[in-house]
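This report refers to the structure that appears directly beneath it.
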Amino acid sequence: MKTAEGIVIEVVGNTARIKVGKHNDCQNCGACPGSNSVVVSAKNPQGAKPGQRVIFEVKETNALIAAFIVFIFPLIGILVGVLLGGLIGQLAGGFHVGFQVIGGVVMFALSVIGIKLFDHYANNNEKAKPSILKIL
């Protein structure tokens with residue numbers, strides 16, 4: 001598990017939104033908008049209040065799974081779509097390159113839908129959320 005430090009900017013129920021300065025992993029990824037910080041939603045068992053500095057934990061396996069889903073899953077989808085499109089094109093006796101392009105685009109669109117579903121699941125999964133460990 002990885003720990004990080006941030007400032008609580010908002011508390012809603014048992015969830016705190018924490019502003020966190022980007023570290024090397026975040027700067028190398030570049031997936032989140034903004035250049036200096038990101039906002040993370042975390043469980044708040046310690047009862048932190050807005051303005052307090054906190055240490056929270058993030059499960060590294062969740063970050064690896066999310067990176068795979070966001071970056072690798074669409075590439076696999078495109079590859080599968082191109083292969084299936086080519087196969088369908090050959091069976092239909094038509095212009096198989098066109099079928100490959102259409103297959104790749106369709107599978108990419110389906111992978112984007114899959115990413116949205118994963119995002120919805122991850123946001124609603126309490127076990128996967130970061131958790132505040134300590135108020136500084």
Worksheet item: With sequence neighbours excluded, what pairs up with Gln90 under the side-chain hydrogen bond (donor to acceptor under 3.5 Å, both in side chains) test?
Response: none

Discussion item. Could you see if Val39 belongs to whatever hydrophobic cluster contains Ile132? Use Ile, Leu, Val, Met, Phe, Trp, Tyr and a side-chain cutoff under 4.5 Å.
Written reply: no

Discussion item. Quick one, Phe108 with Val82, criterion side-chain contact (heavy atoms from CB on, under 4.5 Å). Give me CA distance, side-chain angles, the key distance, then yes/no.
Written reply: CA-CA 10 Å; Phe108 177 74; Val82 167; over 6 Å; no

Practice prompt. Assess whether side-chain contact (heavy atoms from CB on, under 4.5 Å) is satisfied between Val70 and Phe118, documenting all intermediate values.
Written response: CA-CA 9 Å; Val70 171; Phe118 173 77; 5.8 Å; no

Discussion item. Once side chain to side chain contact (heavy atoms under 4.5 Å, CB included) is applied, do any residues pair with Lys43, and if so which ones, sequence neighbours excluded?
Written reply: Pro45, Glu126, Lys129, Ser131

Worksheet, complete the sentence: Value for CD1 (Ile115) from CZ (Phe71), rounded to nearest 0.5 Å, stands at 9.0 Å

Worksheet, complete the sentence: CD1 (Ile135) and CD (Gln46) are apart, to the nearest 0.5 Å, by 6.0 Å

Discussion item. One pair to check against side-chain contact (heavy atoms from CB on, under 4.5 Å): Ile78 and Met107. What are the steps and the verdict?
Written reply: CA-CA 6 Å; Ile78 292 170; Met107 289 302 289; 5.9 Å; no

Worksheet, complete the sentence: When every non-hydrogen atom of Ile69 is compared with those of Pro74, the smallest separation belongs to O-CD, 3.4 Å

Fill in: Ile88-Leu110 co-clustered via ILVMFWY side chain contacts under 4.5 Å
no

Response to the item:
Scanning both residues in full, the closest heavy-atom pair of Pro50 with Ile9 reads CB-O, 4.1 Å

Discussion item. Could you report the tightest heavy-atom contact between Ala92 and Phe99, atom names first, then the distance?
Written reply: CB-CZ, 4.3 Å

Item to complete: Applying side chain to side chain contact (heavy atoms under 4.5 Å, CB included) between Phe56 and each of Thr3, Ile18, Val8, Leu133, report the one that passes.
Response: Ile18

Worksheet item: Does one hydrophobic cluster hold both Val38 and Val11, with members joined at side-chain heavy-atom distances below 4.5 Å?
Response: yes

Worksheet item: Is any side-chain heavy atom of Leu79 less than 4.5 Å from a side-chain heavy atom of Leu75?
Response: no

Fill in: Worked check of side-chain contact (heavy atoms from CB on, under 4.5 Å) between Leu87 and Leu83
CA-CA 6 Å; Leu87 181 64; Leu83 294 174; over 6 Å; no

Practice prompt. Considering non-hydrogen atoms only, spot the tightest contact between Val54 and Ala48 and give its length.
Written response: CG1-CB, 3.8 Å

Worksheet, complete the sentence: Residues at least two apart in sequence or cross-chain that pass side chain to side chain contact (heavy atoms under 4.5 Å, CB included) with Leu136, listed by chain then number, are Glu5, Arg53, Ile55, Lys134

